[in-house]
Amino acid sequence: MAPITDEQVETVRALVASIPAGRVSTYGDIAAAAGLSSPRIVAWIMRTDSSDLPWYRVITASGKPAPHLATRQLENLRAEGVLAKDGRVDLRVARHQF
DNA sequence: AAGTTGACCTCTC
DNA sequence: CGAGAGGCCAACT
């Protein structure tokens, strides 16, 4: 196995931190941008290594975050100006491109 | 030490 | 367009 280096995790954090307000990103994109082999690692990072970073700006490819957090995330995103339709964020406009 | 879990993504039926 | 299965990596029990 290839243990994830701090650099990878740090890159993920940097990417999330560099996401401007009113914009979101998907796990897959972050994982790819961080150079991770699998998007699951990004999800794992949020679960285990929760930081002060705005994880709520990170959503799934479906345009919706986790079920339990979805309500909170969408509310926060809506407050930042993200246009969410029926609980779904418009990735075509809100998706932050690196 | 092995098996299960976790906030996933993509392909196929 | 909706549902199901597979694959991926690491941490936790």
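The structure presented is a predicted model; accordingly, all values stated were derived computationally and were not measured. Residue numbers begin at 1 in each chain, while the letters A, B, ... track the order of the sequences.
Distance CG (A/Asp49) to P (B/dA7): 16 Å, rounded to an integer number of Å. Between A/Asp29 atom CG and B/dA7 atom P the separation is 20 Å, expressed in whole Å. Between the CH2 atom of A/Trp44 and the C1' atom of C/dC8 there is a distance of 13 Å, rounded to whole Å. Going from atom CD1 of A/Ile41 over to atom C1' of C/dG7 covers 12 Å, rounded to whole Å. Going from atom CZ of A/Arg47 over to atom P of C/dA10 covers 15 Å, rounded to whole Å. Rounded to whole Å, the distance from CD1 on A/Ile4 to C1' on C/dC8 is 11 Å. If you take CG of A/Leu69 and P of B/dG6, they are 13 Å apart, rounded to a whole angstrom.
Considering every non-hydrogen atom in both A/Ala70 and A/Lys64, the closest pair reads CB-CE, 4.4 Å. The two residues A/Ala31 and A/Ser38 come nearest to each other via the heavy atoms CB-O, 3.9 Å. Here the shortest heavy-atom pairing between A/Ile30 and A/Leu15 reads O-CD1, 3.8 Å. Of all heavy-atom pairs between A/Ala34 and A/Val12, the closest is CB-CG2, 3.4 Å. Between A/Ile19 and A/Ser25 the shortest heavy-atom distance is CD1-CB, 3.5 Å.
Note on A/Phe98 and A/Trp55: same hydrophobic cluster, where clusters join Ile, Leu, Val, Met, Phe, Trp and Tyr whose side-chain heavy atoms are under 4.5 Å apart, directly or indirectly. Under the 4.5 Å side-chain contact rule for hydrophobic residues, A/Leu53 and A/Trp44 share a cluster.
Of the residues in residues 90-98 of chain A, not one comes within less than 4.0 Å of DNA chain B through any heavy atom. If you check residues 9-21 of chain A against DNA chain B, you find no residue with a heavy atom closer than 4.0 Å.
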For nucleotides 8-12 of chain B, tabulate all protein N/O to nucleotide N/O atom pairs closer than 3.5 Å, reporting atom names and distance.
unit_1: B/dC8; atom_1: N3; unit_2: A/Arg40; atom_2: NH1; d: 2.4
unit_1: B/dC8; atom_1: N4; unit_2: A/Arg40; atom_2: NH1; d: 2.4
unit_1: B/dC8; atom_1: N4; unit_2: A/Arg40; atom_2: NH2; d: 3.0
unit_1: B/dC9; atom_1: OP1; unit_2: A/Ala61; atom_2: N; d: 2.6

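At a threshold of 4.5 Å between non-hydrogen side-chain atoms, the residues A/Asp29 and A/Arg95 count as touching.
Other members of the cluster containing A/Val89 are A/Val24, A/Tyr56, A/Ile59, A/Leu74, A/Leu77, A/Val82, A/Leu91, with ILVMFWY side chains joined at under 4.5 Å, either directly or via other members.
Judged as a ring-ring contact (aromatic ring centres under 6.0 Å, His included), not a single pair has a partner in residues 3-31 of chain A (not counting sequence neighbours).
With sequence neighbours left out, the side chain to side chain donor-acceptor pair (under 3.5 Å) criterion links A/Asp49 to A/Arg13.
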